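These notes are about the structure you will find just below.
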Amino acid sequence: MNMSVNKVIAIMGPTASGKTAAALEIARHYPAEIISVDSALVYRDMNIGTAKPNAAELAAVPHHLIDIIDPAESYSVAQFRKDTQRLVSEIQARGKLPLLVGGTMMYFKALMDGLDDLPGADPAIRAELDAEAARIGVPGLHARLATLDPETAARLKPQDSQRIQRALEIIAITGQPMSALLAKQERAAPPFDMHAISLEPSERSVLHQRIALRFDTMLQQGFIDEVKALKQRPDLHANLPSIRCVGYRQAWDYLDGLTTLPEMRELGIIATRQLAKRQVTWLRSMPNRIIIDCLAADAQAQIMESVRQALNSSA
């Protein structure tokens, strides 16, 4: 096989669909390096609740974009795209196969479609919007956005403070609604040839069973203690992107005394199911993906055959 070709294998799918195991199996047969496509795995000290690959898995194959920032920091889609383009080039230069593995569909979409060329953040405007949110509440900001940019407001939840403030910030900077700016933009071509394999469940109920089992396993492994350690840090709070990760927010509320342990478990499992549903919805909007039933007995063999065909056709 000619490993110098501009081919990248992507393994995508909802949570608990077996992406990590699939990637490790591919890496057993091909000289590969894994690039994580997961907005939660970037954070250090958040291992159990993110289902981060264990030490043996990390040692078996080179991994990238895992444990790269502190939970107090943020990591943007634009930064992910920039880092991934650089990593793909470096991995291919080493004669290895880049494996993009994860379930953060916004990251995959940024790679496939390019990024919206919108203005950067303006700290002064952000401060004004924060003050306004404190005064009239996030739903009040959403109502104001509905008068200025009804199209964007319609697709945002009234409590989605981060995106509502971003949309208002863009209007303040440019004088135009975000929906109008996005409509004018042309999508960039993907920077590399991506063969996308999507692991999707034929039976949602079975995936739900996997999700519940995995959440219970996380609790047994000490997930609450992990969140307790994060909560002891004075610079971390419930509104940070890291703490809003599925599971962490529910555990944080439990430690605040807002729920009981059984309620926290149930809410965490429900939130993970909702995440999986959103991931599948994203996947269905992505053309040219190879769909493999992650519950099939021969799923691994199907994945390997798809990879083999993709690499042979490029050689």
Side-chain angles (χ1 to χ4, degrees), residues 13-21 23-24 34-77 79-80 83 101-107 161-162 207-279:
T15 185
S17 59
K19 299 181 293 294
T20 298
L24 292 172
I34 293 173
I35 301 173
S36 169
V37 187
D38 190 306
S39 60
L41 296 191
V42 298
Y43 298 112
R44 292 188 287 270
D45 302 321
M46 294 174 60
N47 303 324
I48 298 172
T50 61
K52 197 170 286 179
N54 60 38
E57 291 168 338
L58 291 171
V61 187
H63 284 69
H64 304 277
L65 301 188
I66 293 178
D67 290 337
I68 59 172
I69 63 169
D70 186 85
E73 300 169 334
S74 60
Y75 187 69
S76 68
V77 179
Q79 187 62 50
F80 166 79
D83 287 343
V101 184
T104 300
M105 301 307 162
M106 195 176 297
Y107 283 4
S161 60
Q162 191 173 359
L207 186 70
H208 287 177
Q209 291 170 12
R210 284 190 183 184
I211 287 170
L213 177 62
R214 190 161 82 168
F215 200 86
D216 286 337
T217 300
M218 289 174 178
L219 290 174
Q220 294 164 10
Q221 291 172 339
F223 177 46
I224 297 300
D225 287 336
E226 179 173 273
V227 180
K228 195 176 292 182
L230 295 170
K231 207 169 186 306
Q232 289 171 349
R233 288 181 43 173
D235 58 337
L236 299 183
H237 54 84
N239 292 322
L240 286 169
S242 57
I243 307 305
R244 289 206 305 268
C245 288
V246 166
Y248 286 86
R249 184 58 183 267
Q250 289 75 27
W252 194 277
D253 286 347
Y254 161 67
L255 292 171
D256 272 340
L258 301 178
T259 59
T260 65
L261 185 61
E263 288 170 342
M264 184 279 299
R265 174 189 176 273
E266 185 64 23
L267 290 170
I269 290 171
I270 289 171
T272 311
R273 286 179 181 176
Q274 291 170 339
L275 169 63
K277 183 179 180 180
R278 291 194 300 272
Q279 289 169 317

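Everything quoted here is computed from the prediction, not taken from an experiment.
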Should the pair Phe223 and Phe215 be assigned to parallel (<30°), tilted (30 to 60°) or perpendicular (>60°) ring geometry?
perpendicular

Tell me, do Ser17 and Gln279 make a side-chain contact under 4.5 Å, heavy atoms counted?
no

Please determine whether a side-chain nitrogen of the Lys or Arg among Lys52 and Asp38 lies less than 4.0 Å from a carboxylate oxygen of the Asp or Glu.
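No.
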
For [X] and [Y], indicate whether the former's side chain and the latter's backbone hold a donor-acceptor pair under 3.5 Å.
X	Y	result
Glu226	Gly49	yes
Lys231	Leu236	no
His64	Pro62	no
Lys228	Leu255	no
Asp256	Leu258	no
Glu73	Asp70	yes
Thr104	Ser39	yes

Locate the shortest heavy-atom distance separating [X] from [Y]; write the atom from each residue and the value.
X	Y	result
Thr260	Tyr254	C-CD1, 3.7 Å
Ile211	Ala16	CG1-CB, 4.0 Å
Pro14	Leu207	CG-CD2, 4.1 Å
Ala238	Ile243	CA-CG2, 3.9 Å
Asp235	Ala72	OD2-CB, 3.7 Å
Met46	Cys245	CE-SG, 4.3 Å

Would you compute the distance between atom [atom1] of [X] and atom [atom2] of [Y] and round it to the nearest 0.5 angstrom?
X	Y	atom1	atom2	value
Met264	Gln250	CE	CD	8.5 Å
Leu230	Asp225	CG	CG	11.0 Å
Ile68	Tyr75	CD1	OH	4.0 Å
Arg265	Ile224	CZ	CD1	12.0 Å
Leu65	Gln79	CG	CD	9.5 Å
Glu57	Ile34	CD	CD1	8.5 Å

Does atom CD of Gln162 have more than 12 heavy-atom neighbours, drawn from other residues, nucleotides or ligands, at distances under 6.0 Å?
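No - once you tally the heavy atoms of other residues, nucleotides and ligands closer than 6.0 Å, there are 12 at most.
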
Residues Thr272, Arg214; criterion side-chain hydrogen bond (donor to acceptor under 3.5 Å, both in side chains); working and verdict
CA-CA 10 Å; Thr272 311; Arg214 190 161 82 168; over 6 Å; no

